[in-house]
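The structure appears right after this line, and notes come after that.
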Amino acid sequence: MNKQWFNNQEAKIPRGKVRTRFAPSPTGYMHVGGLRTALYAYLIAKKDNGTFILRIEDTDKARFVEGATEIIIKTLRDAGLNYDEGPDIGGPVAPYTQSERLDIYKQYAALLCEKGAAYYCFCERQGDERQGDGSSVLLHQWSKIDGPSPRDPDPCRDLPYAESKIRADAGVPFVVRMKAPYDGNTTVADMVFGEITTPNKTLDDMILLKRDGYPTYNFANVIDDHLMGITHVMRGSEYLSSAPKYNLLYKAFGWEIPTYITVSPVMRDANNKLSKRHGDPTYDDLLTQGYLPEAVLNYVALLGWSPGGEREMFTLKDMLEVFDVSGISKAPAIFDMVKLTHFNSEYIRAMPAKEFAKIARPYICNVIKNENISIEAVATILQARCEKLTDIPEKIDFFESLPNYDTELYIHKKSKTDKMISRDMLIAAKKAFEKNTEWTNESIHDILIELALNLEVKNATLMWPVRIATAGKAVTPGGAIEICSILGYNETLRRIEIGIEKLSEENR
RNA sequence: GGCCCGUUGGUCAAGCGGUUAAGACUCCGGCCUUUCACGCCGGCAACAGGGGUUCGAGUCCCCUACGGGUCACCA
């Protein structure tokens with residue numbers, strides 16, 4: 001065993017600062033829960049001026065997905081969760097990638113065997129069968145009998161080290177398993193779940209190194225978290241029951257155990273986790289559905305974490321100030337699209353008008369081809385009334401072409417406007433418009449207000465038919481004035497005439 | 001089935017032994033208004049159940065129920 005080699009690995013460890021990592025496996029998409037985990041890890045590090053790193057956990061060859069790492073990197077960048085370290089010091093930052101570190105795991109596994117804390121196992125593969133989708137069918141039936149079931153002793157566990165080392169070196173296929181003690185207890189300290197004590201006899205000899213030479217998640221994680229100097233390990237609650245085994249590994253190496261921060265999953269309903277397979281949206285799906293990255297991040301942060309007060313709108317920068325692990329809840333949280341939508345509309349409204357116009361532009365241009373219509377003006381009336389960007393097309397299609405609407409729309413109970421009155425109003429409005437030369441929001445406003453005054457009717461009595469005639473639908477962004485203004489003089493008059501015609505026909 | 005974890009309105013949640021049990025979303029009223037929306041005001045709606053401990057329990061303990069996790073050469 002090369003002592004110098006191990007010393008070199010250890011020498012790279014930076015100490016004394018908070019260091020966290022986001023350690024996804026490259027599945028081809030980023031799910032919402034993953035984003036939340038990344039966010040929390042980022043916040044913990046950055047709150048303390050620490051280091052946040054990205055580590056790709058691609059130790060399952062069978063599940064390799066082309067381009068998956070790029071998606072993760074893009075998402076993180078998109079969300080503003082920039083990681084600041086990779087294996088190439090000084091260069092452009094590529095993430096740490098476990099498949100590039102295979103030698104390291106092998107060396108440490110061998111070291112553990114030498115120390116007697118692990119062993120080579122030459123038994124045939126056993127226990128489960130793989131299905132096409134990567135899930136497995138357990139062959140084992142759980143006993144109905146009460147009490148802890150005794151571990152099946154592995155025949156290789158007590159093989160003399162020297163003997164199995166020779167066999168392994170000679171090329172006999174093997175896995176490396178950890179030697180979990182039969183006696184005593186292991187206590188795991190977790191910042192969210194508190195202290196959990198587990199009897200060692202319930203722990204199995206988990207596999208560290210697979211037959212193909214790749215490490216398991218359980219092993220690579222411990223090695224890397226140590227080697228990369230991770231101080232706060234954040235992960236999902238599915239790993240909570242393995243945590244005692246991780247502690248045993250740290251102990252076997254004589255390494256300091258990091259602080260664990262375990263978070264519960266994000267659910268789709270009371271019984272099921274959010275999952276792509278069930279059709280739940282991934283982070284990218286949400287963006288294409290018209291959600292803003294900031295809104296998604298803000299909403300997701302609040303799933304399972306609360307800052308304690310009444311405020312719930314937080315930018316990433318705000319979160320840096322208020323985030324605290326003590327606010328993380330042990331209970332799972334259900335993802336609610338309706339509330340996300342609310343956050344999104346808040347973010348849209350809070351945006352500077354110019355910025356909104358910029359992001360709304362493609363959605364608007366997709367519908368409005370007419371060059372006489374000002375995209376900016378449409379964006380302006382849209383901003384306060386759109387919950388997500390994908391709402392835009394159906395809200396503004398009437399600008400492009402007048403829908404074939406029903407005259408029932410002219411009936412407005414509140415202002416006691418009916419079809420007859422509407423017709424009179426439209427005729428009056430037409431005349432008033434024809435007399436005028438200017439065509440701005442202000443001039444249109446003045447004309448209509450003055451007209452209502454002269455006719456001695458409520459504003460709504462006049463505005464309602466004008467809006468219906470010019471838009472041809474009941475629900476519109478903006479009122480009559482804005483719509484007329486955007487449509488322009490000629491189109492406005494054309495549509496009012498159509499309205500008069502429609503209403504006149506019915507009276508014959 | 002064993003072990004571990006959880007459970008406050010439909011949802012997110014505050015609450016750290018004494019509160020009229022916050023707040024937000026949704027929904028429903030009302031006001032404002034140039035429709036819808038926005039905004040403002042108001043309303044509906046919760047401590048899973050049962051035992052303790054205590055002068056006093058959503059808060060502490062136990063049991064039950066329900067839910068989740070785990071028991072892979074997946075992560």
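Chain letters run A, B, ... following the sequence lines, proteins first, then strands; residues in each count from 1.
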Side chain of [X]: nearest nucleotide among [options]?
X: A/Ser306; options: B/rU70, B/rA14, B/rG39; answer: B/rA14
X: A/Ser25; options: B/rC36, B/rU34, B/rA75; answer: B/rA75
X: A/Ile196; options: B/rC73, B/rC5, B/rU35; answer: B/rC5
X: A/Ile481; options: B/rU70, B/rU34, B/rG6; answer: B/rU34
X: A/Lys339; options: B/rA75, B/rC12, B/rU33; answer: B/rC12
X: A/His342; options: B/rC25, B/rG68, B/rC12; answer: B/rC25
X: A/Asn218; options: B/rU34, B/rA75, B/rU11; answer: B/rA75
X: A/Met463; options: B/rU34, B/rA75, B/rU11; answer: B/rU34
X: A/Val475; options: B/rC36, B/rC73, B/rA75; answer: B/rC36
X: A/Val338; options: B/rU11, B/rC25, B/rA22; answer: B/rC25

First encountered from the 5' end of RNA chain B, between A/His445 and A/Gln98: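 So the residue in question is A/His445.
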Upstream residue (5' side of RNA chain B) when A/Thr476 and A/Phe343 are each assigned their closest nucleotide: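 Comparing both residues, the 5'-ward one is A/Phe343.
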Between [N] atom [atom2] and [X] atom [atom1], what is the distance in whole Å?
X: A/Asp336; N: B/rU26; atom1: CG; atom2: P; result: 9 Å
X: A/Glu195; N: B/rC5; atom1: CD; atom2: C1'; result: 16 Å
X: A/Phe335; N: B/rG68; atom1: CZ; atom2: P; result: 20 Å
X: A/His31; N: B/rC74; atom1: NE2; atom2: P; result: 19 Å
X: A/Arg385; N: B/rU33; atom1: CZ; atom2: P; result: 16 Å
X: A/Lys414; N: B/rU35; atom1: NZ; atom2: P; result: 7 Å
X: A/Tyr214; N: B/rA75; atom1: OH; atom2: P; result: 11 Å
X: A/Glu346; N: B/rG39; atom1: CD; atom2: P; result: 6 Å

With sugar-phosphate meaning primed atoms plus P, OP1 and OP2, does [X] contact a base, only sugar-phosphate, or nothing at under 4.0 Å between heavy atoms?
X: A/Ala474; answer: base
X: A/Gly236; answer: nothing
X: A/Ile207; answer: base
X: A/Ala480; answer: base

Under 3.5 Å donor-acceptor, A/Asp391 side chain and A/Lys388 backbone: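 Yes: the side chain of A/Asp391 pairs with the backbone of A/Lys388.
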Is the distance from OP1 or OP2 of [N] to the nearest side-chain N or O of [X] less than 4.0 Å?
X: A/Thr59; N: B/rA75; value: yes
X: A/Asn459; N: B/rU34; value: yes
X: A/Arg349; N: B/rG39; value: yes
X: A/Lys210; N: B/rA75; value: yes
X: A/Lys330; N: B/rG6; value: yes

Side-chain donor or acceptor of [X] under 3.5 Å from a matching atom on the base of [N]?
X: A/Arg467; N: B/rU34; answer: no
X: A/Arg63; N: B/rC74; answer: yes
X: A/Lys458; N: B/rU34; answer: no

Aromatic ring pairing A/Tyr299/A/Phe335, orientation class (parallel under 30°, perpendicular over 60°, tilted between):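 If you compare the ring of A/Tyr299 with that of A/Phe335, the planes turn out perpendicular.
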Donor + acceptor pair across side chains of A/Tyr291, A/Thr390 (<3.5 Å):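 Note: A/Tyr291 and A/Thr390 side chains miss the donor-acceptor criterion.
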Distance-only side-chain donor-acceptor flag, A/Thr186 / A/Thr198, under 3.5 Å: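 Absent: no donor and acceptor within the cut-off.
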Under-4.0 Å salt bridge between [X] and [Y]:
X: A/Arg311; Y: A/Asp318; result: yes
X: A/Arg55; Y: A/Asp225; result: yes
X: A/Arg177; Y: A/Asp204; result: no
X: A/Asp60; Y: A/Arg63; result: yes

Taking every non-hydrogen atom, the tightest pair across A/Met425 and A/Thr461: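 Looks like CG-O, 3.6 Å.
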With [atom1] as the reference atom in both, quote the distance from [N] to [M] in angstrom, rounded to an integer.
N: B/rC60; M: B/rU53; atom1: C1'; result: 8 Å
N: B/rA13; M: B/rU26; atom1: C1'; result: 15 Å
N: B/rG69; M: B/rC74; atom1: C1'; result: 15 Å
N: B/rG58; M: B/rG17; atom1: P; result: 13 Å
N: B/rC47; M: B/rG42; atom1: P; result: 24 Å
N: B/rG49; M: B/rU8; atom1: C1'; result: 15 Å
N: B/rU59; M: B/rA48; atom1: C1'; result: 16 Å
N: B/rG39; M: B/rC32; atom1: C1'; result: 8 Å

For [N], what is the paired nucleotide under Watson-Crick or G-U wobble rules, both distances under 3.5 Å?
N: B/rG2; result: B/rU70
N: B/rC25; result: B/rG10
N: B/rC32; result: none

